[in-house]
Amino acid sequence: MQRIVLLAAQEEMDLVHEINQSKLFELAAILQEPLQSLPIRLNNTPVFTYSSAPDEVVDVIVYTDTLKETADWICENKYPSSGRLNTTQFRFLLTLSNQTENKKDISHLQQLKTILDNTHDGMIVIDQDLTITIFNKSAEKMTGLSKEQVLGRSILEVMPNSQLPRVMDSGIEEVNQEQILANGTKIYTTRTPILSQEGRKLGAFAVFKDITEIVDLAEEVTNLKSIQTMLRSIIQSSEEAISVVDEEGKGIMINPAYTKLTGYTAEQVIGKPATTDISEGESIHMQVLKTRKPVRGARLRVGPNRKDVIVNVAPVIVDGLLKGSVGVIHDVSEIKGLTEELNRARQIIRTLEAKYSFEDIIGSSEEMSFAIDQAKLAASTPATVLLRGESGTGKELFAHAIHNASSRKFNKFIRVNCAALSESLLESELFGYEEGAFSGALRGGKRGLFEESNGGSIFLDEVGELSQNTQAKLLRVLQENEIRRVGGTKAIPINVRVIAATNVNLEKMIADGTFRQDLYYRLNRMPIYIPPLRARNNDILLLAYHLLQKLNQDYGRNIDFISKDAEEFLLAYHWPGNVRELENVLGRAIIHMSHTDSQINRSHISLLSLEPPKKADVHLQHMTETKDDEKTLAEQIDAFEKRILTEAIERFRGNKTKTAKSLGISLRNFYYKLEKYNLDEKLRK
């Protein structure tokens with residue numbers, strides 16, 4: 001029997017009788033409070049006050065809630081090995097003990113209490129008066145209520161929405177019912193009535209579990225499955241060859257790119273050692289699993305074809321535990337190809353200077369369309385091209401477009417202004433020189449522009465300005481496809497497409513003996529004449545609006561329109577400077593306009609030659625035109641060029657630099673023309 005020390009208030013003294021009637025419990029002592037009357041029949045049970053607890057063997061201290069502190073003190077100081085139960089819990093044990101067949105040892109009930117307190121499921125027990133008698137720790141956690149708040153109180157007072165009273169009244173068990181507690185916790189609960197052997201209703205109890213955690217866990221599992229599926233899809237669709245092994249180095253996953261690279265299928269790799277696919281070298285997977293450190297850039301040969309590859313492998317560590325490793329495999333041959341292609345692209349970007357294509361050439365007139373068609377035809381052949389036309393007509397633009405439309409577009413395009421360099425410097429720049437060829441020559445010599453443009457195109461602008469000696473060397477290049485450096489004796493073969501341009505009368509120069517006739521025939525194999533702006537009046541407005549877009553970007557303006565009177569004025573002007581002059585006029589107009597203006601008016605346009613021809617000039621022009629009918633084309637062109645030069649010299653009062661700049665020609669070319677037309681006397685006056 002279990003020995004009981006009872007610390008009860010006056011109203012709880014009926015427990016003395018119940019203990020005496022029980023076959024499982026024995027009353028060892030009872031606390032007498034001041035002014036407290038005790039039952040008559042105590043069966044010689046010791047009675048004590050707070051400070052005089054008897055020396056007895058005590059198993060359980062039963063106390064009223066108001067005497068809990070006294071019970072704690074007596075337990076710690078007098079009966080440290082005893083257990084403690086309040087009167088509500090003890091009455092429940094008495095009830096259970098009366099229904100228990102095996103009533104030999106109350107320790108079973110104490111074990112039951114311990115189990116109930118430590119079970120993961122929440123448990124609430126009420127008696128027939130709806131008073132809560134058991135409320136375990138899990139119930140405290142789920143409901144947010146403590147034992148002190150609920151034990152001994154009505155279930156309807158503490159948990160108004162509880163269904164335990166209904167179950168006790170009905171006597172019918174309810175299994176796995178979903179319920180939401182007052183604090184929002186969602187639970188599954190099973191409610192069971194407590195009945196005596198005679199069927200008398202003694203109370204009810206509920207066992208419940210928090211399903212919020214279960215739902216969260218289910219969602220987490222679902223999310224993990226989604227992530228796993230997504231990662232698997234990413235790996236399978238990756239263009240990179242990927243292999244995954246477990247912590248033992250056995251294959252657990254590969255992707256199609258891996259099979260394509262190595263030649264091994266999943267059946268040949270999954271579950272096999274990481275060394276299976278290696279034909280030369282050591283397994284990087286095994287190295288990473290041993291060191292737990294990633295390895296990058298390892299060279300191996302894999303598969304039956306002994307593919308040369310680079311491998312990057314990293315360990316997979318989860319919560320400090322090694323779970324395997326992941327390897328990404330790169331085909332070295334593919335990397336080499338991509339590297340070569342990248343270097344080629346870099347070289348092209350670094351050296352390619354042809355910026356324009358035929359789409360950049362603006363013009364819909366018949367004359368311009370014919371020139372573009374001729375240029376496109378020339379681009380499809382390796383023939384030498386000679387671009388002819390006045391300064392400012394766009395000869396260099398055509399040279400760019402021809403190169404970009406040819407089969408040489410991915411090779412170099414080098415531009416040379418033959419009038420900008422002296423004869424000796426031009427020769428060394430074009431053909432290069434050997435070490436020691438002249439004072440100041442670089443050690444080891446230097447490659448010339450023809451060698452630099454080998455495989456591509458070279459644009460020789462103002463080719464009519466070449467000296468006789470340089471003309472002879474250029475002729476050899478065109479005839480023999482080879483060059484000889486300055487100071488050198490060895491012929492160097494080259495493959496260069498020559499595009500030449502000039503604004504001078506080569507035929508007249510041949511007649512004067514200043515240009516080689518044999519070179520002329522080599523250059524003039526595919527001549528293309530680019531018409532001046534005055535000869536294609538219909539293109540003036542097209543060009544004007546196209547140039548406006550470019551100038552708006554350059555100057556940060558937003559000019560969208562040209563007024564009607566300004567358009568008429570532009571169309572009436574003869575444009576001696578051609579497209580270059582048109583761009584100059586529009587740019588000057590935009591610079592002097594307000595930032596708020598969006599339209600060019602006639603007042604914004606200023607031209608170099610605005611005065612109408614004098615009557616004498618008109619008569620002279622008429623006489624000249626009459627006589628021109630009796631002259632050859634070359635003679636008429638010379639006369640017209642001489643007249644333009646004369647007007648420009650007079651306009652700038654003999655200033656050579658300004659005159660040459662306004663005409664868009666070099667000083668060297670300007671001096672040549674002065675001598676050609678005997679105009680140097682006009683400058684001396």
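Inter-residue side-chain proximity for Leu195 and Leu202 is flagged as unmet; no heavy-atom pair is nearer than 4.5 Å. The closest side-chain heavy-atom distance from Ile590 to Asp554 is not below 4.5 Å. Leu6 is listed as a side-chain neighbour of Leu15, based on a closest heavy-atom distance under 4.5 Å. Annotation: side chain of Leu156 is not in contact with side chain of Ser162 (no heavy-atom distance under 4.5 Å). With a 4.5 Å cut-off on side-chain heavy atoms, Tyr258 and Tyr264 count as touching. Considering only heavy atoms from C-beta on, Val62 stays 4.5 Å or farther from Leu7 through its side chain. Counting only heavy atoms from C-beta outward, the side chains of Asp59 and Ile4 never approach each other to under 4.5 Å. Counting heavy atoms from C-beta outward, Met168 and Leu130 have side chains that approach closer than 4.5 Å.
Among all heavy-atom pairs drawn from Gly297 and Asn312, the shortest one is N-OD1, 2.8 Å. What you find for Ser82 and Ile61 is that their closest heavy atoms are OG-CD1, 3.6 Å. Heavy-atom minimum distance, Ala29 versus Pro54: CB-CG, 3.8 Å. Across all their heavy atoms, Pro315 and Lys293 have their closest contact at CD-C, 4.0 Å. Of all heavy-atom pairs between Leu67 and Leu31, the closest is CD1-CD2, 4.3 Å. Heavy-atom minimum distance, Met123 versus Ala139: O-CB, 3.7 Å.
Side-chain contact check for Thr66 and Thr64: no donor-acceptor pair (N or O, by modelled atom type) lies under 3.5 Å. Looking at Ser233 and Gln236, their side chains never bring a donor and an acceptor atom within 3.5 Å of each other. A donor-acceptor contact under 3.5 angstrom links the side chains of Glu359 and Ser357, judged on distance only.
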Intermediate values then yes/no, side chain to side chain contact (heavy atoms under 4.5 Å, CB included), Thr259 and Ile254: CA-CA 8 Å; Thr259 301; Ile254 62 171; 3.8 Å; yes
Intermediate values then yes/no, side chain to side chain contact (heavy atoms under 4.5 Å, CB included), Thr133 and Ile126: CA-CA 5 Å; Thr133 59; Ile126 62 173; 5.9 Å; no
Trace of the side chain to side chain contact (heavy atoms under 4.5 Å, CB included) decision for Val326 with His285: CA-CA 8 Å; Val326 179; His285 274 304; 5.7 Å; no
Worked check of side-chain hydrogen bond (donor to acceptor under 3.5 Å, both in side chains) between Ser238 and Glu240: CA-CA 5 Å; Ser238 173; Glu240 302 286 353; over 6 Å; no
Test log, rule side-chain hydrogen bond (donor to acceptor under 3.5 Å, both in side chains), inputs Ser138 and Asn136: CA-CA 6 Å; Ser138 294; Asn136 71 351; 4.6 Å; no
Side chain to side chain contact (heavy atoms under 4.5 Å, CB included) between Ile600 and Ile559, intermediate numbers included: CA-CA 7 Å; Ile600 294 179; Ile559 310 300; 3.7 Å; yes
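For the atom pair Asp277 CG and Lys272 NZ, the distance stands at 12.0 Å (nearest 0.5 Å). With rounding to the nearest 0.5 Å, the separation of CG in Asp210 from NZ in Lys186 is 10.5 Å. Rounded to the nearest 0.5 Å, atoms CZ (Arg153) and CZ (Phe135) are 11.0 Å apart. One finds the OG atom of Ser283 at 10.0 Å from the NZ atom of Lys290 (value rounded to the nearest 0.5 Å). If you take CG on Asp72 and OH on Tyr63, they are separated by 6.5 Å, rounding to the nearest 0.5 Å. With values rounded to the nearest 0.5 angstrom, Thr262 atom OG1 is found 8.5 Å from Lys307 atom NZ.
For the pair Gln149 (side chain) and Ser146 (backbone), a donor-acceptor distance under 3.5 Å is present. Within the 3.5 Å criterion, the main-chain N or O of Tyr356 finds a donor-acceptor partner in the side chain of Asn404. Judged purely by atom type and a 3.5 angstrom limit, Asn255 uses its side chain to pair as donor or acceptor with the backbone of Ile235. Although no hydrogens or angles enter the test, the distance criterion places no donor-acceptor pair under 3.5 Å between the side chain of Asp129 and the main chain of Thr131. For the pair Asp127 (side chain) and Gly203 (backbone), a donor-acceptor distance under 3.5 Å is absent. At least one donor-acceptor pair under 3.5 Å links the side chain of Asn20 to the backbone N or O of Val16. A donor-acceptor pair under 3.5 Å is formed between the side chain of Arg301 and the backbone N or O of Arg306. In this structure a side-chain-to-backbone donor-acceptor pair under 3.5 Å is present from Thr291 to Gln287. In this structure, Asp121 contributes its side chain and Lys209 its backbone to no donor-acceptor pair below 3.5 Å. Formation of a donor-acceptor pair under 3.5 Å by the Gln553 side chain with backbone atoms of Lys550 is not found in this model.
For Asp55, the CG atom sits in a loose shell: 12 or fewer heavy atoms of surrounding residues, nucleotides or ligands are nearer than 6.0 Å. Within 6.0 Å of the OH atom in Tyr545, the count of heavy atoms belonging to other residues, nucleotides or ligands exceeds 12. By the 6.0 Å contact criterion, CD on Glu178 is enclosed, its count of non-hydrogen atoms from other residues, nucleotides or ligands being greater than 12. In the displayed structure, Lys78 atom NZ is contacted under 6.0 Å by more than 12 heavy atoms of other residues, nucleotides or ligands.
Ion pairing between Glu174 and Arg166 holds under the 4.0 Å rule for side-chain N and carboxylate O. Ion pairing between Arg299 and Asp308 holds under the 4.0 Å rule for side-chain N and carboxylate O. Using a 4.0 Å cut-off between charged nitrogen and carboxylate oxygen, Glu173 and Arg191 do not count as a salt-bridge pair. Arg557 and Asp597 are not joined by a salt bridge, as no carboxylate oxygen comes within less than 4.0 angstrom of a charged side-chain nitrogen.
For Glu26, the side-chain hydrogen bond (donor to acceptor under 3.5 Å, both in side chains) test picks out Arg3, with sequence neighbours left out.
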